[in-house]
**Q** 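Here it is: the structure, laid out below.
Keep in mind the model is a prediction, meaning the values are calculated, not measured. In listed order, ligands and their atoms are each counted from 1. The basis for the numbers below is simple: all heavy atoms, side chains too, and nothing from hydrogens, waters or symmetry mates.
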Amino acid sequence: MVNFSDFALHKTIQQAIHDMGFEEPSPIQEQCIPKILEGVDLIGQAQTGTGKTAAFGLPLIEKMTNQNAVQAIVLTPTRELAIQVSGELRKIAKYKRVRTLPIYGGQSIGHQIRALKQGVQVVIGTPGRVLDHLRRKTLRLDQVKMLVLDEADEMLDMGFQEDIESIIQETSSDRQTLLFSATMPQEILRLARKYMNDPQTVAISRKEVTAPTIEQVYYKVFERSKLESLCRIIDSEDLELGIVFCRTKRGVDELTEALQERGYMASGLHGDLSQAQRDKVMKSFRDSTIELLVATDVAARGIDVGNVSHVINYDIPQDPESYVHRIGRTGRAGRKGIALTLVTPREMKQLRTIEKVSKSTLESRNVPSLEEVMERQQTLWKQQIVNLLAGDDDLTPFMQVVDQLKDNYPVEKIAAATLSLAFASSITFEEGDAYDFGDTGASKGMVRFFLNIGRNLELRPPDLVKEITELVGISSKAIGKIDIFENFTFIEVSQDVAPFVYEAMRHTRMKGKRINLEPAKPRVKRNQ
Ligand code: AMP
């Protein structure tokens, strides 16, 4: 087994990895990191969710010096990805004096110019805006030692090829070039041949894996309300004993604590625990004194417990093999097992890869509504109050408040108001996430998307509805008005599923053509 400590990474970076809570390198990292450190050009076939950002990010930050010049540039197709990559690189560079800056369209260029003037070593940007800065001479790339093309296939699909080539020409020819892409169409290989120096290719080996025949379900969730979604899912399930998987040690600690606070009997398991602590947790799991074991992949590896009723992927696994390993912990000895996976919009594609490689189909289900889980909530509240009443906590200061109020209000009402103060936070559920599609000219409650195919490819509304409902796992009721024109189409979908439609449908194939789906602009006539 490979550890992060096996890589020639400085201790400041090792410390950052530890802080991020990564336990062991993901398959793509295991293969990429040593090669990138060696200095070779590399093509990595990987998509979001596989740990590809850290695969190039760790060696990239390792190689930065404190020379005050842009030494690395990462090009990404979208501003969301630029921000995300920048955030991850910043965490990796926590103990090293390396400044990173995302630059993308839509943000004030003046602000970016000022930030660039302060001196940054790593720029993460979308091609259009990077080119804009190069033309204004507010960004210089002649000292760039490393160039990363992230999600290269998406960048080409979005028509950034020329921009990318212009940018590459501004960098010095002895740079190291890395290219990451989920797919490897001809144009990518051409780009690689033209601008890369004897590149090595790394792909996660797609070993034949077969998922066990157990009930497999996925839920579409938003990052922001993931915890709340998990609680509702748990509450609606007949759960005996469950293992909840998180990506990182930190994730395990945070989730365990949050679940305990909400009254679940949960314990965490990860590699930083001592043997004695591990044994204690495992014993309580075996004896069923806890109902949920929150664990990383590494920690769960040695677990052999027979009566696990549920495996819950709180974080989607980084590769299909790990999915199969995880869900194999339930459904043992002829018992019925259930595997539940939470999927955020950006992870939709990873979900489809897992399905394809593990030859399984995950049924889509909606996160239960509050009403559906209210009964369980009420039981939990009652339990907490009963515990308090039975305990020896000093309630005197609170009794005084009740005394003062009870002349004017009935005691039942005072009690209910107090409960609402205590538990209101557990029943608010913020929908949505940081997806802002702006004004798309849609009807109320809907988002309108533009699709670059139309009647020219004999697209008909039922085809589109079928494609979307199947790929995104939503009901056809979530789809609104569809206007098909000769070369393009407008389609409205309900706001709550729009981020999933956007992430799952962008750059897939329909009618033999790679399609592009983007938020529509209000009342702008396109002439295609
Ligand atoms: P990416 O595929 O780069 O978008 O990464 C997906 C998520 O996995 C991010 O939240 C990373 O922080 C996380 N991640 C990356 N590498 C690891 C690792 N070795 N162990 C645990 N989590 C990781």
Side-chain angles (χ1 to χ4, degrees), residues 1-7 9 13-14 16-34 36 44-61 74 76-78 80-94 102 124 148-152 154 178 180-182 202-204 221-224 226 245-255 268 270-272 294-301 313-323 325-326 341-354 433-434 503:
M1 197 179 90
V2 176
N3 279 311
F4 279 112
S5 56
D6 297 333
F7 301 134
L9 293 169
I13 310 254
Q14 299 282 6
I17 295 172
H18 182 264
D19 287 5
M20 288 163 89
F22 294 1
E23 211 155 26
E24 64 168 8
S26 69
I28 194 80
Q29 291 164 357
E30 195 178 317
Q31 293 190 62
C32 287
I33 293 172
I36 301 176
Q45 182 156 14
Q47 64 196 6
T48 297
T50 54
K52 71 174 161 70
T53 313
F56 68 76
L58 290 165
L60 184 149
I61 297 296
V74 182
T76 70
T78 62
E80 288 84 12
L81 187 62
I83 295 170
Q84 194 181 314
V85 169
S86 168
E88 185 111 339
L89 294 183
R90 203 161 282 173
K91 283 188 211 148
I92 296 171
K94 183 170 167 193
I124 305 97
V148 185
L149 304 174
D150 196 9
E151 303 201 347
E154 297 226 1
L178 312 175
F180 287 84
S181 191
V202 163
I204 307 174
V221 300
F222 289 103
E223 198 63 56
R224 222 168 52 183
K226 220 171 163 187
F245 281 97
C246 290
R247 210 154 19 222
T248 64
K249 295 183 273 194
R250 230 170 115 173
V252 167
D253 285 337
E254 286 168 6
L255 182 61
H270 60 61
D272 281 358
V294 186
T296 56
D297 287 285
V298 179
R301 222 160 262 165
N313 295 310
Y314 185 68
D315 291 324
I316 195 166
Q318 290 183 316
D319 58 311
E321 236 182 291
S322 135
Y323 175 78
H325 275 151
R326 285 183 182 185
T341 302
L342 275 59
V343 183
T344 62
R346 286 194 62 81
E347 292 163 348
M348 285 300 286
K349 291 215 171 109
Q350 173 75 343
L351 170 77
R352 298 305 174 205
T353 303
I354 288 174
D433 223 347
E503 292 289 0

**Q** So do Phe180 and Thr53 actually touch side chain to side chain, heavy atoms under 4.5 Å?
**A**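 Side-chain contact under 4.5 Å: no.
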**Q** Which residues satisfy the side chain to side chain contact (heavy atoms under 4.5 Å, CB included) test with Asp297, sequence neighbours excluded?
**A**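 Asp297 satisfies side chain to side chain contact (heavy atoms under 4.5 Å, CB included) with Phe245, Arg301, Ser322, Arg326 once adjacent residues are dropped.
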**Q** Under 3.5 Å, is there a donor-acceptor pair between the side chain of Gln350 and the main chain of Thr50?
**A**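 Between the backbone of Thr50 and the side chain of Gln350 there is no qualifying donor-acceptor contact (under 3.5 Å).
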**Q** What pairs with Thr78 under side chain to side chain contact (heavy atoms under 4.5 Å, CB included), at least two apart in sequence or on another chain?
**A**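 Side chain to side chain contact (heavy atoms under 4.5 Å, CB included) list for Thr78, sorted by chain: Glu80, Leu81, Met158, Arg506.
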**Q** Which N/O atoms of ligand 1 sit under 3.5 Å from a protein N/O, and at what distances?
**A**
unit_1: ligand 1; atom_1: 2 (O); unit_2: Gly49; atom_2: N; d: 2.6
unit_1: ligand 1; atom_1: 2 (O); unit_2: Thr50; atom_2: N; d: 3.0
unit_1: ligand 1; atom_1: 2 (O); unit_2: Gly51; atom_2: N; d: 2.7
unit_1: ligand 1; atom_1: 2 (O); unit_2: Lys52; atom_2: N; d: 3.4
unit_1: ligand 1; atom_1: 3 (O); unit_2: Lys52; atom_2: N; d: 3.3
unit_1: ligand 1; atom_1: 3 (O); unit_2: Thr53; atom_2: N; d: 2.9
unit_1: ligand 1; atom_1: 3 (O); unit_2: Thr53; atom_2: OG1; d: 2.6
unit_1: ligand 1; atom_1: 8 (O); unit_2: Arg247; atom_2: NE; d: 3.3
unit_1: ligand 1; atom_1: 8 (O); unit_2: Gln318; atom_2: NE2; d: 3.3
unit_1: ligand 1; atom_1: 12 (O); unit_2: Glu88; atom_2: OE1; d: 3.1
unit_1: ligand 1; atom_1: 12 (O); unit_2: Glu88; atom_2: OE2; d: 3.2
unit_1: ligand 1; atom_1: 14 (N); unit_2: Gln318; atom_2: NE2; d: 3.3
unit_1: ligand 1; atom_1: 16 (N); unit_2: Gln29; atom_2: NE2; d: 2.7
unit_1: ligand 1; atom_1: 19 (N); unit_2: Glu24; atom_2: O; d: 2.8
unit_1: ligand 1; atom_1: 19 (N); unit_2: Gln29; atom_2: OE1; d: 3.0

**Q** Run the side chain to side chain donor-acceptor pair (under 3.5 Å) test against Glu347 and tell me which residues pass, sequence neighbours left out.
**A**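 Applying side chain to side chain donor-acceptor pair (under 3.5 Å) to Glu347 gives Thr344.
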**Q** So, the side chain of Glu24 versus the backbone of Asn3: is there a donor-acceptor pair under 3.5 Å, distance only?
**A**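 Such a contact is absent between Glu24 side chain and Asn3 backbone.
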